[in-house]
Structure formats: C-alpha cells, structure tokens
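For reference, the structure discussed in these notes is given below.
None of these values were measured; they are calculated from a predicted model. Computed over heavy atoms, backbone and side chain alike; hydrogens, waters and symmetry mates excluded.
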There are 2 protein chains.
Amino acid sequence: MVTRDEVARHAGVSVAVVSYVINNKPVVKEATRQKVLQAIRELGYSPNLTARSLKTRRMNQIGVLFNHIGNPFETGIALGLEQRARKDGQSLIFQTYDPSEEDHLKTLFSGRADAIILLGQQLKADTIDHFTKIGVNLFSVMMPQQPHARIPCADIDWFEAYRAMVDHLIRFGHTRIGFMGALNRESYLGIRFRHFRQALLSHGLEFRDERLMHGSFGTLEMAYEQMASRLSSGTDLPFTAIVCANDLMAIGVLSACRDNGVAVPEQLSIASSENILMSSHTSPPLTTIHYPRREIGFTTIEAVINHLNTGTPLTNYTLNHELFVRSSTGKVRD
Amino acid sequence: MVTRDEVARHAGVSVAVVSYVINNKPVVKEATRQKVLQAIRELGYSPNLTARSLKTRRMNQIGVLFNHIGNPFETGIALGLEQRARKDGQSLIFQTYDPSEEDHLKTLFSGRADAIILLGQQLKADTIDHFTKIGVNLFSVMMPQQPHARIPCADIDWFEAYRAMVDHLIRFGHTRIGFMGALNRESYLGIRFRHFRQALLSHGLEFRDERLMHGSFGTLEMAYEQMASRLSSGTDLPFTAIVCANDLMAIGVLSACRDNGVAVPEQLSIASSENILMSSHTSPPLTTIHYPRREIGFTTIEAVINHLNTGTPLTNYTLNHELFVRSSTGKVRD
DNA sequence: TTGTAAGCGTTATCAC
DNA sequence: GTGATAACGCTTACAA
C-alpha cells in the first residue's frame, strides 16, 4: 500500500505539503503542487480514508437502517438516498434492523457513521441516548408509531393523503370501506391506519373493527393468505372497497381476488399506498397514493449533510403526496 | 466521546487490559475483567471502529456495487449478502456503479473496504490493477460479458438453464423462439443471450436475428415500449414464444400484450429469467428460471470472508438454477 | 497477569 | 511556502 510518506519522498517534499495538495489548500506553490500531483499519479496513491477519518472525526459514512432490503418501497427510498449521498462523497452503510438485536447497532456504528437514517424504526430510548452521547445524529424517513422528540422525520401527510383517497371512494358510492394494515409496533406501516381512520371520520364515515384486516408484516404473501381465507370462508365481505397500507399487500389482495373469482373493481374496489412500480403493472392497475421516495431520499440526505457541515438543527419535513387513480377502484355495486 | 483511555482510568487498569477484555483475550484475570466490563457499561463505551481498522488493517466493511438499487433482482442478492455479512460482523457499503465515474470508486473505497463485490460489472483493467495493488479483493456475483481472469465469479450455468427452458418450449411445439436481451456491454444481462443462443443450437434450432428484441437496459418500461410498438405495427411476430433475459422485461412484454389484445399464452408464450417475486403475481404468472439470489449472496460473502481470514484463494462458484413452469407458456397455436 | 510504548496514515499547529 | 511533529483511538509486542 502506497502511503503519503512515499509520495512525499518521491516528490522530494515533506508530508505536510502532500496533505496540502490533497486537501486543496491554496498555500502551495504551483510548481510543487504539480510535482506532488505527478508523484501521486505515478505511484497510484489515494489517501487512506480510515486514517483521515480518525484524525478529522468525520467518517463520511451514513448508516441506513432497513426493515427489509427486499421491499421495493424501501429500496426506492434507498435509491434517492444513495444518489444524493454520492454527490457529496458520502457512502451509505446499509443494515437491516432487527429489533431483537438492537444493541448490536451501537457497536456496529461506533466511530463509523456520522449519522444514522432510520426507515421508521422505533428505537429504544437507551439506544437513542447512546448515539446522542457519542455524537451520531439520527434522522427518520417516515414517522414511527410513537415519534421520538429527538429524532426529526421526513414523511408525507398521511391524513390528507387518505382524506383524498376516501373522498375518491365516496364519489364512487362507497361507504363501507375496509383497511388492511400491519400492526406490529415497530413498523412504519402502523401509523397509516391511525390516519386512515381519522380520514374516514372527517368524512363523516365510521370505521368498524370488522373491516380491519391484518396484513401482519406488510408482505404480499400474508395479505394474500388473509384475503384468500376470508373469501373462501363464504361469508360476505364487510366492505365494498379496501385500502391497503402498502402496495405489496394490495397486490396480494388482488391475487387472492383473482384466484377466488372476485372481480376487481366490479365486486371489490382495491386501493393502496406507496405507488411502487409494480402497482401500475397489475391487472387492473392499482389506485394508490404516490409516496415521493426519491425526493424524500434527497431531502433527507441534504438535511443530514447540511446539519453535519453547518450545525443547522434538523427539523421535520413534510413532502407532497399525490393520489394516483387507476382502474382497481370503481363504482360501488348496488 | 468516551475512549478506551477513560475506561482504563475509570476501571483503574491500563489501556492494554481494556483492549484485552474487548478482544476477548483469555489472559485477563476474571476479577479485572469484570471491573473493566463494569466500567464499559457505566461509561457507555464502545470502541471506535475507525481507529481499530487503522491499526489492524481490517475494515470489516465490504463494498457492494449495484447497477440499480431499484431492481428487485439485485436487491434480492443484496438481501443474501447482507444477512450473511451481518453474521460475521461485516458491514456492507452499497454503491451504485456508474461506468462514467469509475475512477470515483478508487477514492471511495481506498482504505475503507476489505473487498468489493461486483454485480456483473465490467471494470476497467486500470481499476482492477488499482484495487489489486492496494489489496482490495474483487469478487463478482454473476459473470460479466468478458470475465476478467483476476475476478472470480459466482453464477448459475445459464447454458443449462436455457437448455431446460428451450426444452420446455419445444415440448409445447415451439420452434420459432425469440429472445429479449439487454445488450449494453456493461450489463450482466448481456451474457445471457449468448447462452440462450447456444442452448437453441444445441437443440437443433436456429436463431434468426429478427427474433432478437432489444430491451435496452433491462427495464420494464423499455421492454413494454419495444413490444408495444412491435405489436401496433401490425406485422406478425417472428416467433411464437419469447424468452426474456430478466423478469422485469417479461412483465413489460406481458403488459404490452395485454394492452394490445394479445392473449398469453394462447397467442404468445412468454418466459423469463430470475424469478423475482413479482413474476409469480402477474396474470398469467410467468414461467421463469429461478436464480438463487439468497444462496448466491451467502456463498459470496462466505467465500470472501474466508479468503480474507485465511487467505484461501477465491474461486468460481456455480450454483443450482431451477425451471419454474407457470402459466405464461403454453402450447403453440397452429 | 498487567503495563509501557511503538506505530497505523492521516491532519493541523507550529516554527522556520 | 514548506517542514517537523503532536495528536486521533486503537492493537500488540515486549517488559515487568
């Protein structure tokens, strides 16, 4: 491995000068600057980032906590994060969050990351304290179930989003509207149900518990099973339209309908949330709420880096959502 | 930030002892060990990984080069990589590879990563030299178009996979079989066409150039457009079945067929490669080659870590594929 | 069994 | 403008 010392020797200057050149300090005389650059090129030198970090206390690495890398919604956000981070020379360390191994995080990121970006996880107070103490900043994309005072978030306004959705369904004559949620405490999906219910209420509709379906962890498979077993039980559905907390579940529900001979949207309207790519390629394509994944990724990285560089405090961000009406929702059947 | 020195002072021992305890050296007397652990707990200390890396020359970080994080096939591999890496305390740094910024990689990973895992990218010889020189190991998941002697790969046997696929189609009476590929040099998709063609030949079938469709970068959208414009042109398709180099393109082709009134598989059989989740939830579900993403991720990390720890040379790995027959392929129409 | 101290490759503060 | 040199927090001979 070629170090800065060798470059210095090769160029016939001191190590300090090499550092000056690398870090673009304007003090260096052009001639020596060229000598050094020449030596760097000849030796194929590139500075050891670990050593640099140790000295400067800036890691230029940001941790990102996934719930499930395989979820296209989360990777959509990751895409935005990564694109923006790269522009600033920041690397992202992706980790899957496992609630049962939360302590692991502390050791994993100590002195490795300048900040950690959460995807709606509900960290323990203890963990938050630890990172606060060692100076690792926390920021969350999507609000967790119980927002923590010290962790700012970026998210859309789910209440307004679902108000628009409910409004859309009401125009089609639906009044008995169901919801498929994922209620495990840790998930960012949990909060969506709360807002959906409020949206219903604000439209003067009630929500009956029997109309709530549990998609467990928000997976396609679970949703499929829930719906399939409900349909094959023979009893009538207690709703004429169902809104799913994410697209994957809506796709599962849709598959279950197809396999059980339920016509969508003629017999059941299905709507969902997120607008992942897949949601526009089902048949019928899904009516859904567009979540600005790329933008929220950009916003997040910008806010975090800005905070890191200038100390500007991190605050909450609310991004714009949009209702995408496609053909999985239609007039209620009389 | 609490350092090892403070722990030592707090516990009334020397810094070395603290290190011994942290690194589980068996030399330490149990009593002092407890004292140290106590101090660590009280102070909420965790070792600075950057400093450790500087000293040990082990980063415990592995770079992973994506082509597109949004591609569920690639994230499926990432999932396997990540799960296995975490077990060994390795973090993954995910980066999107941009051919036009390849030099960027050198600075990005210098002294940051012990190894870099490629997803079939075709690195420049210059870049490979650089990483070889600074001791960063390279390993590729999926063979690139022109395998590099110094970069071992893990992949399935595409020739055999496509032989099985062609065999399946022949049984349905197909002889005019098309292919949709993605031919940009850099992509791991490129190699699949070569193997498909050989598979056809080995079955005594010829491949005509007119039967090759270009899905460009392997995206759903491009594939859709290609197929849609072909269908709306009014001329007959030059094949009765088409195999796509990946599922996303097959889904695009399928959508185009649906939108243009082409019945699948009655009028056209569609098959694909990879078996991402989505491929089993289209209508009809896709016949496809299962690519063992999780397993290949595991294998890769194990090989790399083993190499890092013991120096065992990295070699090529061939994993098992499987043909998943679903309903997007059927008897040829007479 | 524990302590001392050299050194990992940088940056940054001084002198010169 | 440039050159010594002290950190940064850790591991690990080697000494005690």
Measure [atom1]/[X] against [atom2]/[N] and give the value in whole Å, please.
| X | N | atom1 | atom2 | answer |
| --- | --- | --- | --- | --- |
| B:Arg112 | C:dT10 | CZ | P | 12 Å |
| A:Arg57 | D:dA7 | CZ | P | 13 Å |
| A:Leu54 | C:dT10 | CG | C1' | 8 Å |

Next item on the list: Indicate yes or no for a side-chain donor-acceptor contact from B:Asn23 to the backbone of B:Ser19 under 3.5 Å, with no hydrogens or angles considered.
Entry: yes

Checklist line | Main-chain N/O of B:Met59 paired with B:Gln61 side-chain donor or acceptor, under 3.5 Å | finding: no

Note to self: I'd like to know if B:Lys55 reaches the base of D:dG9 with its side chain such that a donor and an acceptor end up less than 3.5 angstrom apart.
What the structure shows: no

Side chain of [X] - closest among [options]:
| X | options | result |
| --- | --- | --- |
| A:Ala16 | C:dT11, C:dA12, C:dG3 | C:dA12 |
| B:Met1 | D:dA7, D:dG9, D:dT12 | D:dG9 |
| B:Asn48 | C:dT10, D:dG9, C:dT4 | D:dG9 |

Next item on the list: Could you label the plane-to-plane angle of the B:Tyr188 and B:Phe73 rings as parallel, tilted or perpendicular, counting under 30° as parallel and over 60° as perpendicular?
Entry: tilted

Would you check if there is a donor-acceptor pair between the side chains of [Y] and [X] at a distance under 3.5 Å?
| X | Y | answer |
| --- | --- | --- |
| B:Arg112 | A:Ser53 | yes |
| B:Arg86 | A:Thr96 | no |
| A:Gln34 | A:Gln38 | no |

Item checked: C:dT2 OP1/OP2 closer than 4.0 Å to side-chain N/O of B:Ser14 -> no

Check: Does C:dG9 have OP1 or OP2 sitting under 4.0 Å from an N or O in the side chain of A:Arg4?
Finding: no

Check: Do B:Leu92 and B:Ile301 touch side chain to side chain, with heavy atoms closer than 4.5 Å?
Finding: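 Yes, their side chains come closer than 4.5 Å.
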
Next item on the list: Could you tell me whether A:Ser19 contacts a base, only the sugar-phosphate backbone, or nothing, with contacts defined as non-hydrogen atoms closer than 4.0 Å?
Entry: base

Margin query: Based on the rotation axes of five pairs at each end, what angle does the helix from C:dT1-D:dA16 to C:dC16-D:dG1 bend through, to 10°?
Written below: 40°

Item checked: Salt-bridge present (B:Asp129, B:Lys106; N to O < 4.0 Å) -> no

Margin query: What I want to find out is whether B:Arg9 reaches B:Asp5 closely enough, with some N-O distance under 4.0 Å, to be called a salt bridge.
Written below: no

Notebook entry, point to check: Residues from residues 20-43 of chain B sitting under 4.0 Å of DNA chain C, heavy atoms only?
Noted result: B:Tyr20, B:Val27, B:Val28, B:Lys29, B:Thr32

